[in-house]
Amino acid sequence: MDNQTGSAEAFFSKAGKKIDELFKELKESDFSEKLDLKNRLEELKKDKDRLSQQFNQFTKDNQDTFDDIRNSMEESIEDIKKAFSKKRKA
C-alpha cells in the first residue's frame, strides 16, 4: 500500500511540475499574449457597447437641453456672421 501511495504521490508531483512548466511556456509565448489581447478586446467591446447605450440614454433624457444648446450655438454663429458682415461693409 505504501508503495502505491508513493507512486501516486510521485505521479501527481511529476504531473504538477509538467503543468507548471506548460503554464510557464504559455505565459511566455506569443499565444498567451494573443489570448490576453483577445480577452482585452472583448472587454473593450463590451465597455464600448455599455458606454454607447448610456450615452444614448443620456442624450434621450436630456434632449431638450441639447436642443437648447444647439439653437443657442446656431444663434451665436449667426450673430458672429452678422458682425463680420457689418465690419466688412464699414
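Just so it is clear, the values below take in all heavy atoms, side chains as well, and ignore hydrogens, waters and symmetry mates.
- Atom CG in Leu44 sits 11.0 Å away from atom CG in Asn39 (nearest 0.5 Å).
- The shortest side-chain heavy-atom distance between Phe55 and Leu51 does not fall under the 4.5 Å cut-off.
- Each of Asp61, Asp68, Ile69 was compared with Thr65 under the side-chain contact (heavy atoms from CB on, under 4.5 Å) criterion, and only Ile69 meets it.
- Within a 6.0 Å radius of CZ in Phe58, other residues, nucleotides and ligands contribute 12 heavy atoms or fewer.
- Looking at heavy atoms from C-beta onward, Gln54 lies in side-chain contact with Arg50 at the 4.5 angstrom threshold.
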Under the salt bridge (Lys or Arg N to Asp or Glu O under 4.0 Å) criterion, do Glu43 and Arg40 qualify, and how do the steps go? CA-CA 5 Å; Glu43 289 175 24; Arg40 185 65 184 131; 3.2 Å; yes
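- If you check the side chains of Glu75 and Asn71, you find no donor sitting under 3.5 Å from an acceptor.
- Although no hydrogens or angles enter the test, the distance criterion places no donor-acceptor pair under 3.5 Å between the side chain of Ser52 and the main chain of Lys48.
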Pair Arg70-Glu74, side-chain contact (heavy atoms from CB on, under 4.5 Å): steps then yes or no: CA-CA 6 Å; Arg70 185 182 65 242; Glu74 288 173 359; 3.6 Å; yes
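- Under the 3.5 Å distance criterion, the side-chain polar atoms of Ser76 are matched with a main-chain donor or acceptor of Ser72.
- Lys45 contributes atom NZ, which lies 7.0 Å from atom CD of Glu42 (distance to the nearest 0.5 angstrom).
- Between Lys81 and Ser85, every side-chain heavy-atom pair lies at or beyond the 4.5 Å cut-off.
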